[in-house]
Amino acid sequence: METYQSFTSNDQGGLQIAGVDVAQLAKEYGTPLYLTDEDQVRHACRRYRAAMEQNFGPRCHVSYASKALCIKAMYPILAQEGLWADVVSGGELYTALAAGFDPAKLQFHGNNKTEAELRYGVESGIGGFIADNREELLALEQLGAEYGKTLRVSLRVKPGVDAHTHEFISTGNIDSKFGFSYENGEAMAAARLAGSLPHLELWGLHCHIGSQIFLTEPYGLAADVMLRLMAQIKEELGQAPQCLNLGGGFGIAYGPEDRPVPMEEMVAQLAKAVERGCRKYGLEQPYVAIEPGRSIVGPAGVTVYTVGSVKHIAGVRTYVAVDGGMPDNPRYALYGATYQAARAASWQAPKTMEATIAGKCCESGDLVVKDAQIQPVEKGDLLCVFSTGAYNYSMASNYNRIPRPPVVFLRQGKHRLAVRRETYEQLVQNDL
Ligand code: LLP
């Protein structure tokens with residue numbers, strides 16, 4: 001992925017992001033601290049949009065997967081950059097609406113939306129629902145009747161792309177909790193059902209085959225299956241769904257071993273697959289959508305910690321303990337994720353220290369980066385962990401009653417608080 005050149009050094013070699021000194025920010029907001037480079041987020045939105053429009057013309061959209069970072073500050077940016085957004089819960093929907101996002105550009109995902117969530121979506125006038133199961137289709141039909149509305153639905157389809165032949169975590173194969181399987185006829189049955197329900201408009205087909213994917217081929221395979229299904233629906237029901245949504249999952253570089261496909265190339269490959277499929281199955285090119293999350297916000301985020309102790313355990317390893325950990329970044333604990341880290345004051349100096357960056361929780365698995373290469377650090381130093389913009393704040397917890405850090409957005413030499421640091425009072429506000 002092309003890196004956006006907003007990470008620079010001040011005269012002393014200290015890290016600056018978007019022209020703002022990280023040390024200054026740490027002083028003002030405290031640590032741990034999440035920083036987001038706003039122009040980098042905008043740049044990613046623009047690249048996706050430009051690539052989509054270049055390949056598919058005006059009949060396409062890019063929908064930001066809110067789950068990657070769902071905070072109010074994101075939505076005006078998405079609106080200005082011409083993106084749609086998808087939400088997966090009442091809470092994400094509430095956040096988007098509270099930020100003034102156009103409900104018509106929201107799609108509601110999720111494999112078990114509650115009746116209350118569906119109703120909230122209908123009452124808010126959202127653009128559509130990505131229906132996961134039969135019960136949901138029936139519930140939506142009822143709500144449509146109750147509110148006198150025709151609701152736009154897309155079907156979440158498992159295209160059966162085989163995770164065994166591609167090295168990524170798959171959500172697109174038959175053994176997944178998400179959606180209707182293509183292989184066993186469930187997806188076609190769901191299309192028949194949706195087509196028969198008077199308050200539903202079968203608008204689209206959707207698939208999402210996994211996350212942090214570095215290959216284009218699985219997307220091509222998925223697109224082929226989805227278009228085949230589209231043609232089958234057209235033949236049987238007389239009309240093909242208009243929209244083909246190929247989901248998100250485009251990988252980013254957390255470390256030097258990660259080689260993401262540039263967005264432009266990924267989208268061009270999708271376009272080729274769609275064109276091929278349309279020719280093969282005799283379809284007009286549908287309206288096409290994608291749903292990136294991680295690749296929009298991930299690389300733009302940096303977490304800043306303060307080092308509290310350095311333990312050299314002779315013959316074993318060195319532990320650098322920081323003032324955060326799994327509550328602000330559970331990704332090592334959950335996925336064994338790796339990150340690049342650096343001492344903020346000399347972030348480009350040679351990385352001569354190997355250390356495991358540990359959190360402050362009462363849990364041995366509470367590591368931020370295992371076996372990291374960093375500049376030598378000592379107590380009081382600021383340590384930055386890169387590419388933490390996605391699935392960090394959004395997956396943060398209060399384990400050990402640690403308040404969640406603030407989120408600060410940086411742009412063109414300025415900083416603004418997007419989310420305040422949680423307080424101890426807030427930690428107990430719901431306790432009785
Ligand atoms: N669309 C759907 C239906 C999804 O389920 C997801 C992610 C996306 C789009 C966006 O995928 P992305 O472009 O961000 O890869 N917590 C995990 C990631 C879970 C992704 C879940 N679905 C992590 O921290 O790696």
Side-chain angles (χ1 to χ4, degrees), residues 1 34 41 44-45 47-48 52 61-70 74 78 83-89 92 106-113 128-133 136 154-159 161 163 168-173 176-180 204-216 218-219 222 226 243-255 258 260-261 263 266-267 270 288-301 303 326 328-339 368 385 387-397:
M1 187 168 301
Y34 294 113
V41 171
C45 294
R47 283 178 64 194
Y48 270 127
M52 286 292 283
H61 73 249
V62 180
S63 180
Y64 168 68
S66 290
K67 73 201 83 180
L69 177 65
C70 185
M74 277 303 293
L78 299 171
L83 264 65
W84 292 35
D86 67 75
V87 295
V88 298
S89 69
E92 286 191 356
L106 288 174
Q107 302 277 309
F108 205 150
H109 266 293
N111 71 306
N112 189 15
K113 307 171 192 78
F129 294 85
I130 317 273
D132 177 272
N133 53 68
E136 182 180 342
S154 299
L155 302 178
R156 169 86 187 240
V157 175
K158 292 181 270 194
V161 173
F168 60 92
I169 304 154
S170 175
T171 50
N173 64 5
S176 157
K177 69 172 183 172
F178 297 105
F180 302 99
L205 297 181
H206 172 281
C207 66
H208 172 77
I209 54 175
S211 198
Q212 187 61 355
I213 297 171
F214 294 119
L215 303 170
T216 56
Y219 288 100
M226 298 298 282
C243 176
L244 173 63
N245 186 330
L246 293 169
F250 316 118
I252 66 167
Y254 287 105
D258 294 330
V261 181
M263 297 167 186
M266 182 59 89
V267 173
L270 295 183
V288 179
I290 54 169
E291 290 173 345
R294 188 192 315 267
S295 49
I296 288 183
V297 288
T303 308
M326 63 190 287
D328 61 79
N329 185 353
R331 295 192 70 259
Y332 173 79
L334 284 171
Y335 318 113
T338 60
Y339 289 92
V368 181
V385 177
S387 299
T388 57
Y391 304 113
N392 273 235
Y393 179 81
S394 68
M395 292 175 74
S397 75

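Just follow the structure's listing: the first ligand is 1, and inside any ligand the first atom is 1. The shown structure was predicted, so the numbers you read here are calculated from the model rather than taken from an experiment.
- Looking at residues two or more places apart in sequence or on another chain, you find a side-chain contact (heavy atoms from CB on, under 4.5 Å) between A222 and P159, V161, C207, I209.
- Of all non-hydrogen atoms in S66 and D86, the two that sit nearest each other are OG-O, 2.9 Å.
- A heavy-atom distance below 4.5 Å is not found between the side chains of T388 and R331.
- In terms of heavy atoms, Y48 sits closest to I290 at CD2-CD1, 3.7 Å.
- Of the protein's non-hydrogen atoms, K67 NZ, 3.0 Å is the one closest to atom 5 (O) of ligand 1.
- By the criterion of a heavy-atom distance under 4.0 Å, the side chain of H208, and not its backbone, is placed next to ligand 1.
- A ring-centre distance under 6.0 Å is found for F250 and Y219.
- The distance from ligand 1 to the heavy atoms of M395 drops below 4.0 Å at these ligand atoms: 16 (N), 24 (O).
- Taking a cutoff of 4.0 Å between a charged side-chain nitrogen and a carboxylate oxygen, E92 and K67 do not qualify as a salt bridge.
- Counting atoms of ligand 1 from 1 in the listed order, those under 4.0 Å from a heavy atom of P292 are 13 (O).
- Considering backbone and side-chain atoms together, Y391 places an N or O closer than 3.5 Å to an N or O of ligand 1.
- The closest approach between any non-hydrogen atom of G247 and ligand 1 is not below 4.0 Å.
- In plain terms, the two heavy atoms of M74 and L69 that are nearest each other are CG-O, 3.5 Å.
- The protein heavy-atom contact nearest to atom 12 (P) of ligand 1 is G249 N, 3.4 Å.
- Counting the atoms of ligand 1 from 1 in the order shown, those under 4.0 Å from a heavy atom of R156 are 3 (C).
- When each atom of ligand 1 is checked for a heavy atom of H109 under 4.0 Å away, the hits are 3 (C).
- Here atom 15 (O) of ligand 1 lies nearest to S211 when heavy atoms of S211, G179, A68 are compared.
- Here the shortest heavy-atom pairing between A289 and C243 reads CB-SG, 4.3 Å.
- Polar contact with ligand 1: present for Y335 (N/O pair, distance under 3.5 Å).
- For a threshold of 3.5 Å applied to N or O pairs, the pair formed by D86 and ligand 1 contains no separation below that value.
- Atom 24 (O) of ligand 1 has R331 NE, 2.6 Å as its closest protein atom, hydrogens excluded (heavy atom only).
- Within the 4.5 Å cutoff, the side chain of Q212 has heavy atoms near those of the Y254 side chain.
- For the side chain to side chain donor-acceptor pair (under 3.5 Å) test with N245, the passing option among Q107, E291, H208 is E291; the others fail.
- Some N or O of E291 is nearer than 3.5 Å to an N or O of ligand 1, by distance alone.
- The N/O atoms of G293, backbone and side chain alike, include one that comes under 3.5 Å of an N/O atom in ligand 1.
- Below 4.0 Å from some heavy atom of A65 lie the following atoms of ligand 1, by number and element: 8 (C), 9 (C), 10 (C).
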